[in-house]
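Step one of this worksheet: look at the structure below.
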Amino acid sequence: MDAESLLLSLELASGSGQGLSPDRRASLLTSLTLVKRDYRYDRVLFWGRILGLVADYYIAQGLSEDQLAPRKTLYSLNCMEWSLLPPATEDMVVQTSVVKGRFMGDPSHEYEHTELQKMSEGEKVFEEEVVVQIKEETRLVSVIDQIDKAVAVIPRGALFKTPLGPIHVNRTFEGLSLSEAKKLSSYFHFREPVELKNKTLLEKADLDPSLDFMDSLEHDIPKGSWSIQMERGNALVVLRSLLWPGLTFFHAPRTKNYGYIYVGTGEKNIDLPFML
């Protein structure tokens, strides 16, 4: 959710229990304004909160003028002091995939994982147990990246692609109509397209290249991984991810108000295919 409309966005998402205490809201309003100024971001999004056993991680993201350029991610434990996280890599995701359970809430905490590694001594090749230490900060980077790629959402038309390539905020976007807002096909993944590149020219024939340049949620696997509901007498549409419980997207039809927030433990629901 955009930091500039934080209070309204939190109010719209509050139906899912995603609220913050008044002092946290005040701290975020002040500190995210300073983050935008100091880091010279085009926009700052309040991404959400990952719940830890000792403390919670509050997450924000900075966007450049090109809205689909890699986002900068920051975290805070007190909503005032922010630390920049390194970019996620494939090695990080593989390394941290073995860590299960809740976050501690301490970036310097180290998880210990025992794995078998092949060792050689002369011509002999044997396996030996090696203890690998994984920092919680690395796990935090990996989980945020996975959630972004899987369930970060934006409504169709909120961004537009210029003929030269960069993606900008669509200042003329006035919201989805009520009928469009009820369709899963009206919402896109807020990241570089993956499935779109595999579509044939015939499948792309009806797409508007300036608006339909991201992957639609309607083809997500497993099918049924999104819950879409109308609330407040059809004045608000809410999408909830069943794959990453805690991710809530909201949009008030016929207005510019939309956004998403994640409040959860940072754990994926790997049993979802068996639950549907």
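This one's a predicted model, so the numbers in the text were calculated from it and none came from an experiment.
Atom CG in Leu45 sits 5.0 Å away from atom CG in Leu63 (nearest 0.5 Å). Distance check, rounded to the nearest 0.5 Å: OG1 of Thr30 to CG of Leu28 gives 9.0 Å. In this structure, OH on Tyr39 lies 5.0 Å from CG on Leu84, to the nearest 0.5 angstrom. Note that the CD1 atom of Ile228 and the NE2 atom of His251 stand 10.5 Å from one another [nearest 0.5 Å]. In this structure, His109 NE2 and Gln133 CD are separated by 10.0 Å, a value rounded to the nearest 0.5 Å. Distance check: Leu184 CG to Lys223 NZ gives 8.0 Å after rounding to the nearest 0.5 Å.
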The test is side chain to side chain contact (heavy atoms under 4.5 Å, CB included); show your working for Asp56 and Leu77 and say whether it passes.
CA-CA 6 Å; Asp56 297 341; Leu77 297 173; over 6 Å; no
Residues Thr265, Ile50; criterion side chain to side chain contact (heavy atoms under 4.5 Å, CB included); working and verdict:
CA-CA 5 Å; Thr265 59; Ile50 291 182; over 6 Å; no
Salt bridge (charged side-chain N to carboxylate O under 4.0 Å, His left out) for Glu218 and Lys183? Distances and angles first, verdict last.
CA-CA 8 Å; Glu218 67 174 332; Lys183 299 176 185 174; over 6 Å; no
Using the side chain to side chain contact (heavy atoms under 4.5 Å, CB included) rule, take Val153 and Phe188 through it: C-alpha gap first, then chi angles, then the decisive distance, then the call.
CA-CA 6 Å; Val153 183; Phe188 295 146; over 6 Å; no
Run Glu137 and Leu85 through side chain to side chain contact (heavy atoms under 4.5 Å, CB included) and show every step you take.
CA-CA 8 Å; Glu137 187 178 82; Leu85 288 168; 3.6 Å; yes
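Looking at every heavy atom in both residues, Gly52 comes nearest to Arg102 through O-NH2, 3.8 Å. What you find for Ala181 and Pro253 is that their closest heavy atoms are CB-CG, 3.9 Å. Between Leu176 and Pro155, the closest heavy-atom pair is CD1-CB, 4.0 Å. Here the closest non-hydrogen pair linking Gly266 and Trp244 is O-CZ3, 3.7 Å. Smallest separation of non-hydrogen atoms from Asn234 and Leu178: O-CD1, 3.5 Å. Closest approach of Phe213 to Leu68, counting heavy atoms only: CE1-CD1, 4.1 Å.
Between Glu231 and Arg240 there is a salt bridge, since at least one side-chain N of the basic residue sits less than 4.0 Å from a carboxylate O of the acidic one. Ionic pairing of Arg191 and Asp215 is present here: one or more N-O contacts between side-chain nitrogen and carboxylate oxygen are shorter than 4.0 angstrom.
Put simply, the side chain of Leu236 does not reach to within 4.5 Å of the side chain of Asn257, judged on heavy atoms. Side-chain contact check for Asn170 versus Leu159: every heavy-atom pair is 4.5 Å or farther apart. Counting only heavy atoms from C-beta outward, the side chains of Thr248 and Leu239 never approach each other to under 4.5 Å. Arg25 is not listed as a side-chain neighbour of Leu29, based on a closest heavy-atom distance of 4.5 Å or more. Counting only heavy atoms from C-beta outward, the side chains of Trp226 and Leu247 approach each other to under 4.5 Å. No side-chain heavy atom of Val237 sits under 4.5 Å from any side-chain heavy atom of Phe250. You'll find the side chain of Val131 stays beyond 4.5 Å of the side chain of His113, heavy atoms only. Counting heavy atoms from C-beta outward, Phe103 and Glu267 have side chains that stay 4.5 Å or more apart.
Pairs engaging residues 156-167 under the side chain to side chain donor-acceptor pair (under 3.5 Å) rule: Arg156-Asp212 [sequence neighbours left out]. Among pairs with a residue in residues 82-93, those fulfilling side chain to side chain donor-acceptor pair (under 3.5 Å) read Ser31-Trp82, at least two apart in sequence or across chains.
Side-chain N or O atoms of Gln67 include one that pairs as donor or acceptor with a backbone N or O of Ser64 at under 3.5 Å. Looking at Ser76, its side chain never comes within 3.5 Å of a backbone N or O of Tyr58 through a donor-acceptor pair. The backbone N or O of Asp23 lies less than 3.5 Å from a partner atom in the side chain of Ser27, making a donor-acceptor pair. Side chain of Asn269 to backbone of Leu242: a donor-acceptor contact under 3.5 angstrom is found. Counting only distance, with no hydrogens or angles, the side chain of Glu136 and the backbone of Asp106 share a donor-acceptor pair below 3.5 Å. Side chain of Asp66 to backbone of Pro166: no donor-acceptor contact under 3.5 angstrom is found.
Within a 6.0 Å radius of NZ in Lys72, other residues, nucleotides and ligands contribute 12 heavy atoms or fewer. Other residues, nucleotides and ligands contribute only 12 or fewer heavy atoms inside 6.0 Å of the CD atom of Glu4.
Between Trp47 and the options Tyr75, Tyr262, Tyr260, a ring-ring contact (aromatic ring centres under 6.0 Å, His included) holds for only Tyr262. Evaluated for a side chain to side chain contact (heavy atoms under 4.5 Å, CB included) with Ile134, the options Gln95, Met92, Glu112 yield exactly one hit, Gln95.
A single hydrophobic cluster is seen to contain both Leu140 and Tyr111, as judged by linkage of ILVMFWY side chains at heavy-atom distances under 4.5 Å, directly or through other members. Taken together through direct or relayed side-chain contacts under 4.5 Å among Ile, Leu, Val, Met, Phe, Trp and Tyr, Leu51 and Leu20 form part of one hydrophobic cluster. In terms of hydrophobic clustering, with Ile, Leu, Val, Met, Phe, Trp and Tyr side chains grouped at heavy-atom distances under 4.5 Å, Val151 and Val93 are assigned to different clusters. With hydrophobic clusters built from ILVMFWY side chains whose heavy atoms lie under 4.5 angstrom apart, Val44 does not share a cluster with Met80. Val238 and Leu8 fall within a single hydrophobic cluster, where Ile, Leu, Val, Met, Phe, Trp and Tyr side chains are chained together by heavy-atom contacts under 4.5 Å.
In this structure, the ring of Tyr187 has its center less than 6.0 angstrom from the ring center of Phe249.
In this structure, Arg49 is not positioned above the aromatic face of Tyr57 in the sense of NZ or CZ being under 6.0 Å from the six-membered ring centre and within 45° of the axis. A cation-pi geometry, defined here as NZ or CZ lying under 6.0 Å from the six-membered ring centre and within 45° of its normal, holds between Arg71 and Phe190.
Every residue two or more places apart in sequence or in another chain that forms a salt bridge (charged side-chain N to carboxylate O under 4.0 Å, His left out) with Arg43 is listed here: Asp2.
For the residue pair His189/Asp220, the side-chain donor-acceptor check at 3.5 Å is satisfied.
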